[in-house]
Amino acid sequence: MNVVVVESPAKAKTINKYLGSGYKVLASFGHVRDLPAKDGSVLPDQDFEMLWEVDAASAKRLKDIADAVKSSDSLFLATDPDREGEAISWHVLDMLNKKRVLNGKTVKRVVFNAITKKAVLDAMADPRDIDVPLVDAYLARRALDYLVGFNLSPVLWRKLPGARSAGRVQSVALRLVCDRESEIERFISEEYWNLSALLKTPRGDEFEAKLVAADGKRLQPRAIGNGEEAGKLKALLEGATYVVDTVEAKPVKRNPGPPFTTSTLQQAASSKLGFSASRTMQIAQKLYEGVDIGGETVGLITYMRTDGVQMAPEAIDAARKAIVDQFGQRYMPEKARFYSTKAKNAQEAHEAIRPTDFNRSPDRVRQYLDADQLRLYDLVWKRGIASQMASAEIERTTAEITADNKGEKAGLRAVGSVIRFDGFIAAYTDQKEDGEQSDDGDEDGRLPEINARENLAKQKINSTQHFTEPPPRYSEATLIKKMEELGIGRPSTYAATLATLRDREYVTIDKRKLIPQAKGRLVTAFLESFFTKYVEYDFTADLEEKLDRISAGELNWKQVLRDFWKDFFSQIEDTKELRVTNVLDSLNEALAPLVFPKREDGGDPRICQVCGTGNLSLKLGKYGAFVGCSNYPECNYTRQLSSEGGSEAEGVALNEPKNLGSDPVTGEELTLRSGRFGPYIQRGEGKEAKRSSLPKGWKPEDIDYEKAMALISLPRDIGKHPETGKMISSGIGRYGPFLLHDGGYANLESVEDVFSIGLNRAVTVIAEKASKAPGGRTAAAALKELGDHPDGGAITVRDGKYGPYVNWGKVNATLPKGTDPQALTVEEALALIAAKAGKAPASKSKAKPKAKAAAAETKTTKTAAKPKTAKAKAPAKTKKSKE
């Protein structure tokens with residue numbers, strides 16, 4: 001018997017069917033060990049020795065693998081075909097060597113880009129050894145990320161309270177978002193005018209021509225800067241006669257783009273389907289691992305973490321055949337197309353993302369996929385087949401027209417396009433993100449028949465005023481595109497980086513746009529001021545290039561770490577002498593538009609409007625930054641630092657409590673106040689006073705006595721449940737508006753429901769919630785469905801009383817703090833479930849041996865004491881998988 005190790009149980013099940021009874025396929029569930037989230041996991045003073053830790057769930061899986069290997073003939077390590085996959089194979093092999101179970105057995109590494117029977121069998125017939133340079137690159141990357149995160153984050157905690165963490169790639173991605181926001185704030189809109197004429201041919205056809213020249217000079221874009229200039233030119237056009245100078249029709253070819261890479265798939269899925277990067281990768285993972293088609297599990301797409309743009313020769317041949325079958329002979333070009341990437345530092349180690357079989361058109365697999373899987377597969381299939389199709393043939397017609405008003409002349413141009421042959425457009429067309437400029441001009445439409453030297457009749461002159469707009473905020477897709485252009489990050493890190501920025505509350509997403517929050521901008525400004533080098537785009541890209549050269553065997557990974565650590569540690573040490581006043585002075589200047597927004601009365605935004613003499617400045621509190629007056633405690637003005645800048649007038653209005661009336665029961669005064677964490681309602685005075693923050697979306701200026709009473713009176717009793725006789729109440733909690741009945745919670749859709757919902761509706765909501773729960777208990781809301789467990793039964797992510805958790809049957813596993821429920825992968829969920837299930841011993845007597853076994857498995861290769869230079873507290877435990 002031969003043992004094969006893969007990453008996921010879904011793959012294990014499928015591959016075992018392909019290989020037959022002579023093989024036993026086991027899953028590692030992603031990484032089997034990791035650097036513990038504590039001081040001293042990487043030891044720079046001991047030449048960057050790394051101390052690994054195995055958790056209880058991984059220890060059990062490693063034991064299963066070791067037991068199987070003992071009685072096997074050989075071991076095949078078949079983890080994913082990338083750096084992380086190579087690292088997992090290396091970790092498994094290293095642990096098995098430590099357990100001394102190999103005893104000279106043959107160990108081989110196999111990689112396949114698609115989970116199909118042919119791909120797997122071909123890979124098994126052509127094994128290789130572990131790629132040591134690839135593992136070295138992983139070790140270097142892991143050590144760098146640890147050293148940056150676990151040494152820089154504590155500096156943030158000490159000098160910038162409220163900041164969560166910093167990271168080698170994360171902080172640079174955040175800087176991109178914050179720099180764009182600064183661009184928008186500095187942007188000064190400029191006025192410009194466009195003029196055009198609606199003209200008619202002698203045959204009665206109308207078309208529009210745009211003004212492009214005046215006074216014998218070409219007009220540059222936005223050259224007409226005010227209404228006066230526009231008025232003069234409009235007067236010229238109104239009284240002019242129009243003659244066609246030239247008409248030129250040119251054939252133009254548009255070529256298809258290459259098949260998808262990780263980043264282009266995420267961009268296309270965002271613009272066409274509205275998927276987030278993490279959602280795209282989750283669905284792509286499922287399509288790669290396989291779906292059940294006619295009783296057989298088949299992988300539908302190739303590996304989805306890649307920056308390669310080329311398809312394998314056999315895939316190109318299959319695509320060309322499918323083009324003839326499904327579109328016709330004319331749609332297949334004479335020669336196959338070959339692509340090369342333009343992205344900086346691209347490795348192109350793997351194929352582009354493509355269908356495993358071009359004969360499986362979306363229509364043929366529709367019945368086997370859910371709606372989102374079908375939409376993403378449709379995208380991959382169409383882009384893949386379009387990449388080998390014939391060019392689109394477009395005829396572009398340009399008419400140059402002269403307007404003559406008593407010797408004053410102006411030039412106009414009309415452009416139109418018509419598709420003569422659609423070519424690849426029959427399968428796939430690109431779609432621009434909001435705010436991106438189209439560069440093809442095909443939107444001009446088709447022109448009527450226009451002949452040179454013929455006169456045209458003026459119908460109407462249009463003069464329209466415009467204002468330049470600031471650059472658009474990044475979306476997830478455009479940020480990934482920018483990161484790829486700069487050479488920052490790699491395909492396996494994009495989605496995880498964006499998820500971290502959201503989890504840390506450094507950015508929020510509104511209408512698919514990334515908006516940096518005050519916390520994120522403070523962190524970026526701090527790093528730019530005191531760790532400039534480490535958030536520079538070129539430095540980060542150069543470091544990525546060094547990591548790639550390690551992969552190629554061109555650089556020694558330990559030397560790269562030594563060079564990095566020497567300067568980085570020196571910079572960390574320098575911050576020990578950094579005073580908080582220096583930090584605040586620097587942040588006040590760097591974030592002036594955010595900290596000191598313009599005042600409506602035109603006054604100095606840095607002068608306190610309450611006392612009139614104090615200077616406003618950033619202050620640092622236990623829970624983060626806020627704006628306060630230098631005359632404290634004589635002047636106690638404070639204002640929350642808002643990502644939107646906030647209004648100085650609002651802050652002043654709420655500095656003194658605003659009396660809203662008295663509670664008719666207690667007689668205590670209701671006041672509207674402002675604190676470091678925003679506006680709130682208070683009833684009474686002193687320590688016993690009751691307080692309630694304004695819900696999201698409620699503005700201070702809209703709060704009246706009725707709203708204040710409603711808010712301060714929560715929770716609100718709605719009525720007794722007709723079946724249980726127990727009270728149903730509504731309130732607003734950490735996770736939003738809710739109903740409470742008999743110790744169980746049910747989510748409400750809006751804050752307004754808390755104050756308006758009646759008994760009948762409340763009973764219905766509770767019943768609907770209960771009907772979804774196993775055993776009729778009140779179930780937590782399902783946030784996300786991950787698919788089926790290998791042993792049967794659905795796996796879901798739910799929102800419970802104490803936060804989000806993974807549910808499988810009767811097993812509930814709480815998500816680690818900081819984990820984004822929407823970004824959770826199947827592998828991570830399975831690992832959490834396995835860990836939870838393993839913590840339930842049958843009795844106390846059986847628990848102790850299990851605990852000892854687990855302790856033996858988690859033993860690390862500890863050596864000398866931790867050096868002072870590597871000390872840092874853990875910002876958050878790293879995840880055990882690539883996404």
Side-chain angles (χ1 to χ4, degrees), residues 42 83-84 137-153 155-156 163 165-183 261-263 266 277 305 307 341-347 474 476 478-501 504 506-507 514 516 520-521 523-552 554-555 557 559-572 590 875 878 882:
V42 177
R83 185 194 292 113
E84 291 291 315
Y138 157 79
L139 293 172
R141 184 180 295 273
R142 192 70 192 87
L144 283 170
D145 289 343
Y146 174 92
L147 291 171
V148 172
F150 283 72
N151 288 278
L152 190 51
S153 295
V155 175
L156 286 177
S165 71
R168 187 177 61 84
V169 175
Q170 161 201 325
S171 296
V172 182
L174 178 60
R175 182 191 167 188
L176 279 169
V177 178
C178 293
D179 282 358
R180 176 57 57 87
E181 197 71 16
S182 296
E183 279 184 72
T261 62
T262 302
S263 69
Q266 290 171 350
R305 292 183 181 92
D307 55 18
T341 186
K342 297 178 182 177
K344 187 175 181 179
N345 296 345
Q347 292 180 289
Y474 285 110
E476 283 194 339
T478 55
L479 180 62
I480 288 169
K481 183 179 180 181
K482 187 65 175 179
M483 289 172 66
E484 186 179 45
E485 288 173 0
L486 294 172
I488 297 167
R490 282 296 175 262
S492 63
T493 66
Y494 297 138
T497 298
L498 291 171
T500 300
L501 295 182
R504 299 288 182 265
Y506 289 161
V507 302
L514 299 175
R521 298 193 68 181
V523 168
T524 296
F526 176 84
L527 295 176
E528 285 188 285
S529 297
F530 303 104
F531 290 88
T532 309
K533 175 181 178 180
Y534 301 99
V535 287
E536 285 179 351
Y537 305 135
D538 287 345
F539 174 81
T540 307
D542 288 344
L543 195 54
E544 290 285 0
E545 187 173 5
K546 287 179 181 177
L547 292 168
D548 292 341
R549 291 182 64 191
I550 294 171
S551 298
E554 297 173 3
L555 289 178
W557 72 282
Q559 189 57 48
V560 170
L561 289 178
R562 293 183 200 112
D563 294 341
F564 173 86
W565 178 249
K566 180 181 177 182
D567 292 339
F568 182 69
F569 177 67
S570 175
Q571 194 95 19
I572 294 287
T878 51
K882 290 172 285 182

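None of these values were measured; they are calculated from a predicted model.
- Note on Asp548 versus Arg83: salt bridge recorded, some NZ/NE/NH1/NH2 to OD/OE distance being below 4.0 Å.
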Candidate pair Leu486 and Leu176, rule side chain to side chain contact (heavy atoms under 4.5 Å, CB included), full reasoning
CA-CA 11 Å; Leu486 294 172; Leu176 279 169; 3.9 Å; yes
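- Atom OH of Tyr537 and atom NZ of Lys482 lie 8.0 Å apart (nearest 0.5 Å).
- With sequence neighbours left out, the salt bridge (Lys or Arg N to Asp or Glu O under 4.0 Å) criterion links Glu536 to no other residue.
- Phe526 is linked by a ring-ring contact (aromatic ring centres under 6.0 Å, His included) to Phe530, counting only residues two or more places apart in sequence or in another chain.
- The residue from Tyr534, Trp557, Phe569, Tyr146 that alone fulfils the ring pair (Phe, Tyr, Trp, His ring centres under 6.0 Å) condition with Phe564 is Tyr534.
- For Thr532, there are no side-chain hydrogen bond (donor to acceptor under 3.5 Å, both in side chains) partners at least two apart in sequence or on another chain.
- Between Trp565 and Phe568, the two ring planes are tilted [angle within 30° to 60°].
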Evaluation steps, side chain to side chain contact (heavy atoms under 4.5 Å, CB included), between Leu527 and Leu152
CA-CA 9 Å; Leu527 295 176; Leu152 190 51; 3.8 Å; yes
Step by step, work out the side chain to side chain contact (heavy atoms under 4.5 Å, CB included) result for Ser263 and Met483.
CA-CA 9 Å; Ser263 69; Met483 289 172 66; over 6 Å; no
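- Between the CG atom in Leu479 and the CD atom in Gln266 there is a gap of 10.5 Å [rounded to 0.5 Å].
- Closest heavy-atom contact between Ala525 and Ala590: CB-CB, 4.1 Å.
- Side-chain atoms of Leu543 and Arg168, non-hydrogen and from C-beta on, do get closer than 4.5 Å to each other.
- Once rounded to the nearest 0.5 Å, the distance linking CG of Leu514 with CG of Leu501 reads 8.0 Å.
- Atom OH of Tyr494 sits about 9.5 Å away from atom CD1 of Ile488, to the nearest 0.5 Å.
- Proximity of Val42 to Leu561: side-chain heavy atoms (C-beta onward) are nowhere separated by under 4.5 Å.
- Listed here is the closest heavy atom pair of Tyr474 and Val177: CD1-CA, 4.2 Å.
- Side-chain N or O atoms of Ser570 include none that pairs as donor or acceptor with a backbone N or O of Lys566 at under 3.5 Å.
- The heavy-atom pair separating Ala277 from Glu476 by the smallest distance is N-OE1, 2.8 Å.
- Across all their heavy atoms, Ile550 and Ala140 have their closest contact at CD1-CB, 3.9 Å.
- Every residue two or more places apart in sequence or in another chain that forms a salt bridge (Lys or Arg N to Asp or Glu O under 4.0 Å) with Arg141 is listed here: Glu544.
- For Thr524, the side-chain contact (heavy atoms from CB on, under 4.5 Å) partners at least two apart in sequence or on another chain are Leu174, Arg175, Cys178, Glu528.
- Atoms CD and OG1, on Glu484 and Thr262 in that order, are 8.5 Å from each other to the nearest 0.5 Å.
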Step-by-step side chain to side chain contact (heavy atoms under 4.5 Å, CB included) determination, Lys533 to Asp567:
CA-CA 10 Å; Lys533 175 181 178 180; Asp567 292 339; 3.3 Å; yes
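- The salt bridge (Lys or Arg N to Asp or Glu O under 4.0 Å) check on Asp563 picks up nothing, with sequence neighbours excluded.
- Rounded to the nearest 0.5 Å, atoms CG (Leu555) and NZ (Lys546) are 8.0 Å apart.
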